[in-house]
S.K.: 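Can you keep this structure in mind? I'll have questions shortly.
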Amino acid sequence: MTLAQIGIIGGSGLYKMEALKDVESLELQTPFGAPSDAVILGTLVGTRVAFLARHGRNHTLLPTELPFPANIYAMKQLGVKYLISASAVGSLKAEAKPLDMVVPDQFIDRTKNRISTFFGEGIVAHIAFGEPICKNLAGVLADAIASLNLTDVTLHRGGTYVCMEGPAFSTKAESNLYRSWDATVIGMTNLPEAKLAREAEIAYATLALVTDYDCWHPDHDSVTVDMVIANLQRNAVNAQKVIEETVKRLSENPPVSDAHSALKYAILTNLGNAPTATKDKLAFLLQKYL
Ligand SMILES: CSC[C@H]1O[C@H](OP(=O)(O)O)[C@H](O)[C@@H]1O
Ligand SMILES: Nc1ncnc2[nH]cnc12
């Protein structure tokens with residue numbers, strides 16, 4: 001049963017969607033454990049959506065501690081087909097200034113300790129990930145941002161998000177290295193989420209909200225949390241407006257997405273002979289293919 005077709009994962013600063021009505025709080029369990037916190041089901045501009053605070057509503061989980069598989073599987077269990085991730089990021093380019101919004105189209109993986117697949121235990125799959133973000137969902141998100149004409153906010157369509165392990169911010173040498181790779185923003189969370197969402201055949205797009213210039217910038221010797229927090233609060237207000245407008249557009253005109261059939265040619269194992277326990281564990285992902 002589908003409880004919500006649109007999911008929202010709120011990152012640092014976005015722990016709650018103020019405009020949700022008819023709210024239900026679900027303490028979910030998945031075969032991959034419990035999600036970061038209760039999933040909040042609610043109505044936004046007439047559409048049921050599922051909201052999850054990525055680090056918990058009281059921000060208690062480090063990026064490395066995040067239960068990414070449980071978070072994405074929980075969204076799948078609810079019937080989510082489109083997932084919007086709101087995330088705080090540092091900027092690696094002068095033109096992407098604090099408070100700006102970036103809708104990235106690529107990732108570079110610099111994580112070390114993340115689980116970013118549902119597969120294993122007798123079932124092997126290799127999803128295509130050349131285009132890690134759903135272009136159509138990202139287009140709806142970017143158009144929604146553009147339509148709002150937010151004060152002090154410039155929209156940047158496309159760009160590369162470097163996903164680092166953290167929790168410490170980068171060194172200057174690292175920050176300059178990522179700049180030399182032409183990356184646009186840096187964060188600590190979105191890449192494992194995007195991979196798992198693709199395996200779960202959920203279209204995924206990132207609303208990257210710039211909080212700081214990372215440490216490469218001549219005005220910043222290092223990134224500090226107090227610098228980030230001041231901008232997080234303004235970003236959270238803007239993010240909610242953007243999400244509301246995006247949900248309205250998605251419900252009026254749900255886009256097609258390659259992500260919705262990502263497993264079609266990805267599974268190498270003959271599922272007929274695969275371990276029953278693994279098939280049961282992955283039931284929400286595999287049901288179409290069994
Ligand atoms: C706010 S400082 C660093 C913290 O913020 C970002 O989190 P999220 O992507 O959940 O908004 C970044 O990835 C770090 O986890
Ligand atoms: N400079 C930065 N590096 C990594 N993650 C961030 N999140 C917000 N700012 C960041």
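Owing to the predicted nature of the structure, the values given are computational and were not obtained by experimental measurement. All ligand and atom numbering here is 1-based and tracks the order in the structure.
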S.K.: Given a heavy-atom cut-off of 4.0 Å, could you list the residues near ligand 2 in chain and number order?
M.R.: Ala88, Val89, Gly90, Met164, Phe169, Ile186, Gly187, Met188, Thr211, Asp212, Asp214, Val223
S.K.: Checking side-chain polar atoms at under 3.5 Å, does Arg54 have a donor or acceptor matched by the opposite partner on Ser12?
M.R.: no
S.K.: Suppose we measure from atom 5 (O) of ligand 1 to each protein heavy atom; which comes out shortest, and what is that distance?
M.R.: Ser12 OG, 2.8 Å
S.K.: Ser87 heavy atoms, cut-off 4.0 Å: which ligand 1 atoms fall inside?
M.R.: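 This gives 8 (P), 9 (O), 11 (O) as the contact atoms.
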S.K.: Give a yes or no on whether a salt bridge exists between Arg234 and Asp152, defined as a side-chain N under 4.0 angstrom from a carboxylate O.
M.R.: yes
S.K.: Which residue and non-hydrogen atom of the protein lie closest to atom 14 (C) of ligand 1, and at what distance in Å?
M.R.: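 Its nearest protein heavy-atom neighbour is Met188 SD, 3.7 Å.
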S.K.: Considering only non-hydrogen protein atoms, determine which one is nearest to atom 3 (C) of ligand 1 and report residue, atom name and distance to 0.1 Å.
M.R.: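 For atom 3 (C) of ligand 1, the nearest protein heavy atom comes out as Phe169 CE2, 4.0 Å.
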S.K.: Mind checking what makes ring pair (Phe, Tyr, Trp, His ring centres under 6.0 Å) contact with His156, not counting sequence neighbours?
M.R.: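 Partners of His156 by the ring pair (Phe, Tyr, Trp, His ring centres under 6.0 Å) criterion come out as none, since no residue qualifies.
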S.K.: Just heavy atoms, cut-off under 4.0 Å: does Val228 contact ligand 1 by side chain, backbone, both, or neither?
M.R.: side chain
S.K.: Taking non-hydrogen atoms only, is Pro63 closer than 4.0 angstrom to ligand 1 via side chain, backbone, both or neither?
M.R.: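 Near ligand 1, Pro63 shows its side chain, while the N, CA, C and O stay back.
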S.K.: So, Tyr82 versus His260, ring centres under 6.0 angstrom or not?
M.R.: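 They qualify: ring centres under 6.0 Å apart.
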S.K.: Sequence neighbours left out, what pairs pass ring-ring contact (aromatic ring centres under 6.0 Å, His included) with at least one residue falling in residues 16-43?
M.R.: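 Qualifying pairs, neighbours excluded: Phe32-Tyr73, Phe32-Phe118.
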S.K.: Got the closest protein heavy atom to atom 10 (O) of ligand 1, with its distance?
M.R.: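 Nearest protein contact, heavy atoms only, for atom 10 (O) of ligand 1 is His55 NE2, 2.5 Å.
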S.K.: When you check the gap from the basic side-chain N to the acidic O, do Glu121 and Lys281 get nearer than 4.0 Å?
M.R.: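 Between Lys281 and Glu121 there is a salt bridge, with a charged N closer than 4.0 Å to a carboxylate O.
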S.K.: Closer than 4.0 Å to some heavy atom of Gly11 - which atoms of ligand 1 meet that?
M.R.: 8 (P), 10 (O), 11 (O)
S.K.: Can you list the atoms of ligand 1 that are under 4.0 Å from a heavy atom of Gly187?
M.R.: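 That gives atoms 13 (O) of ligand 1.
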S.K.: Search all heavy atoms of Ala203 against all heavy atoms of Ser257 and return the closest pair with its distance.
M.R.: CB-OG, 3.4 Å
S.K.: Can Thr117 and Lys195 be counted as having a side-chain donor-acceptor contact under 3.5 angstrom?
M.R.: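 Absent: no donor and acceptor within the cut-off.
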S.K.: Per the side chain to side chain contact (heavy atoms under 4.5 Å, CB included) rule, which among Ile9, Leu83, Ile84 passes with Tyr204?
M.R.: Leu83
S.K.: Where is the nearest protein heavy atom to atom 9 (O) of ligand 1: which residue, which atom, and how far?
M.R.: Thr189 OG1, 2.6 Å
S.K.: How long is the gap from CD on Glu24 to CG on Leu3, to the nearest 0.5 Å?
M.R.: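 Answer for the CD-CG pair, Glu24 versus Leu3, is 7.5 Å.
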S.K.: Can you pull the ring-ring contact (aromatic ring centres under 6.0 Å, His included) pairs that have at least one residue in residues 158-203, sequence neighbours excluded?
M.R.: Phe107-Tyr161, Tyr178-Trp181
S.K.: Report the part of Arg54 (side chain from C-beta onward, or backbone N, CA, C, O) that has a heavy atom under 4.0 Å from ligand 1; answer both or neither where that applies.
M.R.: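 The answer is the side chain of Arg54.
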